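In what follows, every chain begins at residue 1, and chains take the letters A, B, ... in the order their sequences are listed. What you see is a predicted model, and the numbers here were worked out from it, not measured in a lab.
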There are 2 protein chains.
Amino acid sequence: MKKVDIFKKLRSSGLRPTKQRVEIAKFLFDRDTTFHFTIESLENHLTKKTTCKFALATIYNTVHAFKKAGHLSEVDVRGKKTYFDTNITNHHHFYDNETSELIDIDASEIVIQKIPKAPNGKKIKNVEVFINLKN
Amino acid sequence: MKKVDIFKKLRSSGLRPTKQRVEIAKFLFDRDTTFHFTIESLENHLTKKTTCKFALATIYNTVHAFKKAGHLSEVDVRGKKTYFDTNITNHHHFYDNETSELIDIDASEIVIQKIPKAPNGKKIKNVEVFINLKN
DNA sequence: TTTTTACTTTAGAATTATTATAAACTAGAA
DNA sequence: TTCTAGTTTATAATAATTCTAAAGTAAAAA
Ligand SMILES: [Mn+2]
Ligand SMILES: [Mn+2]
Ligand SMILES: [Zn+2]
Ligand SMILES: [Zn+2]
């Protein structure tokens with residue numbers, strides 16, 4: 001991903017390209033495959049692998065701005081911390097409870113044959129399949 | 001559900017039948033249909049509809065004991081609060097984001113035709129389908 | 001370029017859900 | 001009854017997240 005694209009992610013999220021935000025965007029989007037992260041894991045990476053300083057609030061604010069702009073999604077995982085996902089396509093997850101690891105499942109890999117109709121006056125927005133793993 | 005059964009729930013959870021615990025168990029299990037709740041909604045009910053006093057810690061402890069004994073399950077819902085479920089069968093959920101309401105879907109109402117195999121050395125423990133609703 | 005303005009970062013405080021603590025209380029065994 | 005282990009409770013501690021307001025900076029205006 002080029003610098004231009006990083007700036008595009010920032011601009012389309014209503015964010016000025018400050019050095020903190022550029023570092024965050026580079027880490028999140030300048031890569032070949034998508035991944036899952038928490039604010040904590042993101043902060044760990046940033047403090048270890050970059051030179052600039054990051055206030056926690058800056059990380060929270062930037063991640064939320066990306067999410068609001070549709071550049072990140074959130075995954076529901078049991079537990080206290082929020083998991084984010086750079087894969088914003090419709091997809092599903094394996095969850096390994098031992099390692100707390102999320103693994104993507106492409107939407108095409110799961111086919112649902114039968115599904116109930118939505119209740120009175122409601123529509124189905126999306127269907128999320130979550131597969132818990134054991135050893 | 002008879003008093004005997006309430007006592008059985010408590011005993012099988014390793015809990016003595018104190019007045020607080022009996023009230024909690026009666027509210028959770030002495031009814032015809034299962035339901036979903038949070039610690040907060042449970043506390044609201046208990047303080048309004050019963051005469052005895054409940055420390056928050058007692059509610060947390062009792063609910064967790066029921067969960068550990070398998071009398072309650074936990075549902076993953078986006079948000080900060082933990083949702084519990086008196087339906088302990090394998091089942092799925094509709095989630096109405098407008099009202100924050102969970103609606104049960106019986107396991108038989110969803111049929112999955114195709115599912116990926118679990119990664120290396122792992123097995124599938126269970127499959128949870130979560131259907132988000134919109135208006 | 002300088003000035004100005006609006007936006008941004010930051011440290012620390014506040015908030016919220018949850019869990020831990022330890023003293024006063026109680027169910028049930030002896 | 002007495003005794004003991006288990007229980008309730010108020011309160012403190014913890015952990016993730018959000019808020020605040022002062023100091024700093026990007027980019028528009030002059
Ligand atoms: Mn969650
Ligand atoms: Mn949750
Ligand atoms: Zn994913
Ligand atoms: Zn349910």
Side-chain angles (χ1 to χ4, degrees), chain A residues 3-4 6-27 36-47 50-69 72 74-85 100, chain B residues 3-4 6-27 36-47 50-69 72 74-85 100:
Chain A
K3 197 177 201 179
V4 185
I6 291 295
F7 276 57
K8 204 176 288 179
K9 295 271 191 215
L10 287 167
R11 246 181 288 113
S12 62
S13 307
L15 300 176
R16 284 183 185 174
T18 64
K19 60 184 185 311
Q20 284 84 354
R21 287 167 174 173
V22 169
E23 287 299 337
I24 293 172
K26 270 165 56 187
F27 177 60
H36 305 98
F37 65 95
T38 62
I39 295 293
E40 191 190 20
S41 71
L42 176 54
E43 187 196 26
N44 284 339
H45 170 89
L46 294 168
T47 38
T50 73
T51 49
C52 62
K53 257 200 104 198
F54 291 88
L56 246 193
T58 300
I59 302 176
Y60 273 101
N61 291 340
T62 306
V63 165
H64 282 141
F66 284 143
K67 191 195 159 193
K68 190 178 297 182
L72 290 176
E74 201 180 313
V75 186
D76 252 332
V77 179
R78 185 121 65 220
K80 343 210 169 204
K81 281 183 262 190
T82 301
Y83 280 73
F84 295 93
D85 196 339
S100 300
Chain B
K3 196 176 202 180
V4 184
I6 291 295
F7 276 58
K8 204 176 287 179
K9 296 271 191 214
L10 288 167
R11 246 182 286 115
S12 62
S13 307
L15 301 176
R16 284 184 185 175
T18 64
K19 60 184 186 308
Q20 283 85 352
R21 288 168 173 172
V22 169
E23 286 300 337
I24 293 173
K26 269 164 57 186
F27 177 59
H36 305 97
F37 66 94
T38 62
I39 295 293
E40 191 190 21
S41 72
L42 176 54
E43 187 195 26
N44 284 340
H45 169 88
L46 293 169
T47 38
T50 73
T51 49
C52 61
K53 259 201 103 198
F54 291 88
L56 246 192
T58 301
I59 302 175
Y60 273 101
N61 290 339
T62 306
V63 165
H64 282 141
F66 283 143
K67 191 196 159 193
K68 191 178 299 181
L72 290 176
E74 201 180 314
V75 186
D76 253 333
V77 179
R78 186 122 65 219
K80 341 207 172 206
K81 281 182 261 189
T82 300
Y83 281 73
F84 295 93
D85 196 339
S100 298

Please determine if a side-chain N or O atom of A:R16 lies less than 4.0 Å away from the OP1 or OP2 oxygen of D:dT25.
no
The nucleotide from C:dT18, D:dT17, D:dT9 with an atom nearest the side chain of B:L56 is C:dT18
For B:E40 and for B:K19, find the nucleotide of DNA chain C with the closest heavy atom, then tell me which residue's nucleotide is more 5'.
B:E40
Tell me if the centroids of the rings in B:F84 and B:H36 come within less than 6.0 Å of each other.
no
Considering only heavy side-chain atoms of B:P17, the closest of C:dA27, C:dT18, D:dT8 is C:dA27
Taking OP1 and OP2 of D:dT17, is either one under 4.0 Å from a side-chain nitrogen or oxygen of A:T82?
yes
Between A:T18 and D:dT25, does any side-chain N or O lie under 4.0 Å from OP1 or OP2?
no
Residue-phosphate contact under 4.0 Å: B:R21 side-chain N/O, C:dA27 OP1/OP2:
no
Let me know the distance between NZ of A:K81 and C1' of C:dA17, rounded to the nearest Å.
16 Å
How long is the span from the OG1 atom in B:T38 to the NZ atom in B:K80, to the nearest 0.5 Å?
14.5 Å
Tell me whether the side-chain N/O atoms of A:Q20 come closer than 4.0 Å to OP1 or OP2 in C:dT10.
yes
Please state whether the phosphate of C:dT18, meaning OP1 or OP2, lies under 4.0 angstrom from any side-chain nitrogen or oxygen of B:Y60.
yes
Could you check how far CD of A:E43 sits from C1' of C:dT9, rounded to whole Å?
14 Å
Residue A:K80, side-chain atoms from C-beta onward, closest of D:dT8, D:dA16, C:dA20:
D:dA16
Give a yes/no answer on whether the side chain of A:H64 brings an N or O atom under 4.0 Å of OP1 or OP2 in D:dT17.
no
Grab the CZ-P distance between A:F37 and D:dA16 for me, whole Å please.
16 Å
